[in-house]
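These notes are about the structure you will find just below.
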Amino acid sequence: MTDVTVRPVVDGRLGTSALRPDGLAKTQGTFAFSGDLSADGMLWGATLRSPHPFARIRSIDLSGAWQIAGVAAVVTADDVPGKPTYGLISADQPVFARDVVRYAGEPVAAVAGDHPETCRRALAAIRVDYEVLTPLVDPELAIAGAEPIHPDGNILRHQRIVRGDQDLVGEVVVEGTYEIGMQDQAFLGLEAALAIPDPGGAGVELFVATQWLHEDLGQIAACLDLPADRVRLTLGGVGGAFGAREDISLQVHTCLLALRTGRPVRIAYSREESFYGHVHRHPARIWMRHHATRDGRLQRVEARFVLDGGAYASTSSAVLVNAITHAQGPYVCDSATVEGFATRTNNLPCGAMRGFGVVQACFAHEGQMDRLAEACGLDPVEIRLRNAMRTGDRLITGQVIADVAPVAECIRATAALPLPDEPVGGRDGDPLRLPGGAGLTADVGHIRRGIGWGVSIKNLMYSEGFDDFSTARCRLADGSVTLKFATAEVGQGFVTLAPQIARTVLGVERAVCEPIDTTIGSAGSTSASRQTWMSGGAVLGACRAVAEQVVAHAAQSWGVSTAEVELVDGVLTSPDGRQATVGELSAGRVFEATFEHHHPPTEDLDEDGQGNCHTAFAFVAHRAVVDVDVELGLVKVVQIATAQDVGRALNPLSVRGQIEGGIAQGVGLAVMEEIVQTDGRVRNASFTDYLLPTMLDMPEVVAELIEIPEPRSPLGAKGVGEPPCISSTPAVLAAIRDATGKDLRRVPVRPFDIAL
Amino acid sequence: MSEQYTLRVNGADRPVQDAWVGESLLYVLRERLGLLAAKGACEQGECGSCSVLVDGEVVCSCLVLAASAVGQEITTVEGLAEPGAPTDVQQAYVDAGAVQCGFCTPGLIMATHALLERTAAPSELEIREALSGNVCRCTGYGRIIEAVQQVAARRGEAGR
Amino acid sequence: MSVVVADSLEQALDALAAAPHATVLAGGTDVMVELNLGHRRTDAVVAVARVPELCSWTYDARRATVRLGAAVRYAEIHADPLAAWLPALAQAGRTVGSPQIRAAATVGGNLATSSPAGDGITVLAALDATVHLVSSAGRRDVPVGQFTVGPKRNVLAPGELIEAITVPVARGWQGFSKVGVRNAMVIATANACLAVDEPAGSVALALGSVGPVILRCPEAEAIAAAQCDVAARRASPATVAAFAEAAMAAARPIDDHRSTAAYRRHAVRVMAGRLLRRAMPHE
């Protein structure tokens, strides 16, 4: 112990742009993604999928597959030992279709073999006799009472919100119907998993890219009829997620094949299969009627939401509630009459994607705010400022916004950001600056520039009574911290943040994360912008508990009370000036603590859609500048300016990465991304035809962080992942409307929507 | 129906045995030679994750028939630098925040090295065009452009 | 399945003679997609990308033509010196796939795939290029307009490959234009190439992605020849409009997941009008 003041300089604390611990490995190709994993004696697995959106299975003949050399297992619904179905909220989705297939791409059988080519041949040799049925593809028909395509019926959820004056008619009334196409998460790292069976088939270990290890574990164990402690999951490196890895895809199939063969089995989806293998963003049709005073004060929102959930429930019911409870947007509104349906059809199943229902709601309410502005003769910024929500205002569910709610600040800060300094076409005249780019479709004279706005509110964490807690363990030994949690690192950077927390609380330099697996309690899902708050809270709690132990240890050895020992920046000080560092105190000792962080409980909505159903909220404003070739309908997004309510930027570089990345997905939805289905069949299940923004499509992003620490958040930070992709989309559409004068109410906007 | 041939990868002769001859270079690198840096995300040349150098040109290894690359110099990310001893481009990607999930990163590293070999001080638009074949779903590209510019600037200073 | 990596034309032709239905592999950017996705099965491949005779080009100053070996890659075509002689092909080349694709994809492969959306083919059609075919039995020349006979179908006989394409160098303004939903790496919704032959006083227009094959527009070309002052680069607004309408009338597009027939027709009209205006900037 020393009596000189030691102030260890610790880099990488909260508030600094600490670098990713896995960054170098990723640039050098040594980071192991789930698709990079293999094991000795491994077999390959592959999945047979229905070519029909709706058909009865008369029979399945597997004999051809068994005759192919190298085939080790062929399984169907008959081979599922436990629960035949799974699902995040209701278990309505079969592991394998048994009597009926409900979407084109639904798994019917799986094989394991010694080479991918063996598996392909085996799949081709399976004979399924289908009685093809007419698919239900129109959600309105599902609502109208079409013959149920599933025992649970065709309505996945119906919920209304009724609040305030139901007869109110505003001085100004605007209405419109808005459509959102089906967006794909399109993570780059395709679904892949490696299952290793325990000897004798007593259990199984699965390495998988997922967003929520424990939820997967529960569903897998149920389907395999194994006790939960016989299924162990370890996170395989995750190549992006964006919601698409929240549901089970290949998990049960891979484990089942491994248990059947007694050998490790790996399944890796192709890009085409990935389009069938995970859920997507709900396509939606939303009607809204806004009532306001002549001076543009919003009084009442009427709305009808129809979200097509596709063949199985996934998280549709939660997505619907998110959508309808955000119908007013970040604006004060006392009265509401909202009805929402999530339907079951024979289209691709839909579920979680970044923004989770609020993307759809925001596209509609922001379109309405622009119409309202026009009707009231107000500027788009002014109408939004005039209605901006503040702390203490109520949602149409009756819930009071208890959070920091800097809506007006976000709008004003965005408006103050500089517009692009280059004129249309730029100063160098490079055609790449124009819509159409190297296609040389336009000259500068053909282009009109437009500016548009989008502002949004997004709930953080899970809602409706769900306790999505997170667990973390902190272990301090010899001056080093080891952190353990099951928080899925999907690219967002929790593995960067967690050590930052430990360094800050304990003042140590060395803080590392252990493998992410199910040997610790659940962390909940890496979704809903929740891990910085929830798992951050758990790591913080664990680190603080360890700090208390260290303080207690120092107090004991110094013969003082713990209250008298101060821990600042890794240095403990006694009242009489004695000092020791955390490193010194932990030499040869272990301090360890596990902490669960829970957010305050939430409630279900009642039948009128009233209740404190959400946990917390974040806000953001976007301004888009676009150049449009009006005659050809081609768009180049030139700039997105944004100011986002982040609470506290714990890692400014990571925050910026989330903002820019989210905006790219918002821009993609606005102008190019859509899964096109005809009669329940996907027309563009490839990256040739499902277009993602490239570097030449992505605009300049000018971002400002609104940092007002959120008192309700353990670290003062709000989740930052989802807001960027929510109001960026309507901002782009508003800018295109501004440039073209066309009444565009659908995303993605297609060239023919503008040109014809 | 298998064949044997030898590829020249990262300066070494790598025999390929018992291969199905329709296999792409990406498949052979990953599954037969254990070189996992090149990633497959589309299998049709639309994402750039599998970018490697063949005789100095950046190409999609998923679109190269492995058996047809006999006698050519193939360079993958593994051939750029030893683990833990990154190139300036690799280090800049980490420093600039250009890496999130990292799945597109090895392909981008290859494309960036090739770009800067050809054009020491690319304009932003040149960077965007040169890397437009490498799709990234996480970052929105802003930090990637920043990383490339950082390397160009540092090399420019070092060369002065 | 066997793979022959030919290093001479003779070797390639011998291999093809021995296996006339072998898949000819050039840049691989189309063939490999089909193999990877299981859309094509083959038991013999003849790789021609490294045949020196096919990778070279020659400029013939007297005839004012460039003879492009079939395996010349788009990366080379959209750079000088070829870009200076063949500006429209260079423009098209810059839009083919991504930089990685252009580093591999060849002009002969583009032609051999015979996609109605092949960007380079539209230019070759507008320029009346000549396709030189070769097999162990001999050589023959086919006008590019007769080479493709339908979507992904052409006159190549078993055992035959494209040796070269002869393209006249620009004798007046020429330009390419392509509509796609993305600013890079996109398949054409529709494309067009306009080439002016100043000495002849004529204008050629070809359209891609709006029919089963690349289409020429004789009526539009006739309007331009009759009404434009090619030497003075002058066309009246009425001429431009009539030309654009005639181009649209020549298109025979379909609805598909990428766009609609109506939009494609519209896009052809707009592109044709704009291309003619670029060629004839004076009213």
- Item | Note: Arg49(A)-Glu273(A) ion pair, threshold 4.0 Å (strictly below) | yes
- Message: Within the structure provided, determine whether Glu221(C) and Arg216(C) are in side-chain contact (heavy-atom separation under 4.5 Å).
- Response: yes
- Query: Top residue by heavy-atom pair count (under 4.5 Å) with chain C, among Pro693(A), Pro431(A), Ala442(A)?
  - Reply: Ala442(A)
- Between Asn110(C) and Tyr74(C), is any side-chain donor less than 3.5 angstrom from a side-chain acceptor? yes
- Under 4.5 Å from a heavy atom of chain C, the part of Thr441(A) involved: both
- Task: Go through the atoms of Glu117(A) and report whether side chain, backbone, both or neither lie under 4.5 Å from a heavy atom of chain C.
- Result: side chain
- Heavy atoms only, distances under 4.5 angstrom: which of Val671(A), Thr678(A), Leu692(A), Val635(A) has the most pairs with chain C? Name it, please. Leu692(A)
- Answer with side chain, backbone, both or neither: which region of Asp629(A) has an atom nearer than 4.5 Å to a non-hydrogen atom of chain C? side chain
- Would you mind checking which part of Arg264(C) comes under 4.5 Å of any heavy atom in chain A, side chain (CB onward), backbone (N, CA, C, O), both or neither? neither
- Using the ring of Tyr276(A) (Phe, Tyr or Trp, six-membered ring only), decide whether Arg271(A) places NZ or CZ under 6.0 Å from its centre and within 45 degrees of its axis. no
- Any Pro116(C) side-chain heavy atom under 4.5 Å of Ile214(C) side chain: no
- Message: Within the structure provided, determine whether Val230(C) and Met280(C) are in side-chain contact (heavy-atom separation under 4.5 Å).
- Response: yes
- Do you know which of Arg182(C), Lys178(C), Arg277(C) has the most heavy-atom pairs with chain A at a distance under 4.5 angstrom? Arg182(C)
- Taking the side chain as every heavy atom from C-beta outward, state whether Pro212(C) and Arg153(C) have any pair of such atoms under 4.5 Å apart. no
- Taking Leu82(C) as the fixed residue, which of Val169(C), Leu89(C), Leu68(C) is the one that meets the side chain to side chain contact (heavy atoms under 4.5 Å, CB included) rule? Leu68(C)
- Check the side chains of Asn191(C) and Ser209(C) for a donor-acceptor pair under 3.5 angstrom, ignoring hydrogens and angles. no
- Message: Just so I understand: if I count every heavy-atom pair under 4.5 Å between each of Arg269(C), His266(C), Arg278(C) and chain A, which residue has the most?
- Response: Arg278(C)
- Query: Any idea which of Val179(C), Asn183(C), Thr189(C) has the most non-hydrogen atom pairs under 4.5 angstrom with chain A?
  - Reply: Asn183(C)
- Query: Quick one: does Ile640(A)'s side chain get under 4.5 Å of Val637(A)'s, heavy atoms only?
  - Reply: yes
- Task: Measure Arg274(C) against the heavy atoms of chain A and call it side chain, backbone, both or neither at under 4.5 Å.
- Result: side chain
- Given side chains that start at C-beta, do those of Arg281(A) and Cys725(A) come closer than 4.5 Å, heavy atoms only? yes
- Step by step, work out the side chain to side chain contact (heavy atoms under 4.5 Å, CB included) result for Val676(A) and Val682(A). CA-CA 6 Å; Val676(A) 180; Val682(A) 181; over 6 Å; no
- Query: chain A contacts: which residues in residues 234-255 of chain C have a non-hydrogen atom closer than 4.5 Å to it?
  - Reply: none
- Item | Closest-packed option against chain C by number of heavy-atom pairs under 4.5 Å, given His446(A), Met695(A), Glu674(A) | His446(A)
- Bottom line for Ala262(C): the part with an atom under 4.5 Å from chain A's heavy atoms is both
- Message: Under 4.5 Å from any heavy atom of chain A, what part of Val186(C) do you find: side chain, backbone, both or neither?
- Response: side chain
- Query: Hey, are Arg171(C) and Asp197(C) close enough for a salt bridge, meaning a charged N less than 4.0 Å from a carboxylate O?
  - Reply: yes
- Are there residues of residues 683-691 of chain A that reach to under 4.5 Å of chain C by heavy atoms, and which ones? Arg683(A), Asn684(A), Phe687(A), Thr688(A), Asp689(A), Leu691(A)
- Message: If I take atom CG from residue Asp30(C) and atom OG1 from residue Thr113(C), how far apart are they, to the nearest 0.5 angstrom?
- Response: 3.5 Å
- Who wins among Leu632(A), Leu634(A), Leu696(A) for the most heavy-atom pairs under 4.5 Å with chain C? Leu632(A)
- Let me know if Leu432(A) has heavy atoms under 4.5 Å from chain C in its side chain, its backbone, both or neither. side chain
Please set out all donor-acceptor pairs under 3.5 angstrom arising from side-chain atoms of residues 747-756 of chain A, sequence neighbours excluded.
| from | atom 1 | to | atom 2 | distance (Å) |
| --- | --- | --- | --- | --- |
| Arg750(A) | NE | Asp753(A) | OD2 | 3.0 |
| Arg750(A) | NH2 | Asp753(A) | OD1 | 3.3 |
| Asp753(A) | OD2 | Arg750(A) | N | 2.8 |

- For residues 74-83 of chain C, the salt bridge (charged side-chain N to carboxylate O under 4.0 Å, His left out) pairs (sequence neighbours left out) are none
- Taking the side chain as C-beta and beyond, is there a heavy-atom pair between Val167(C) and Leu124(C) under 4.5 Å? yes
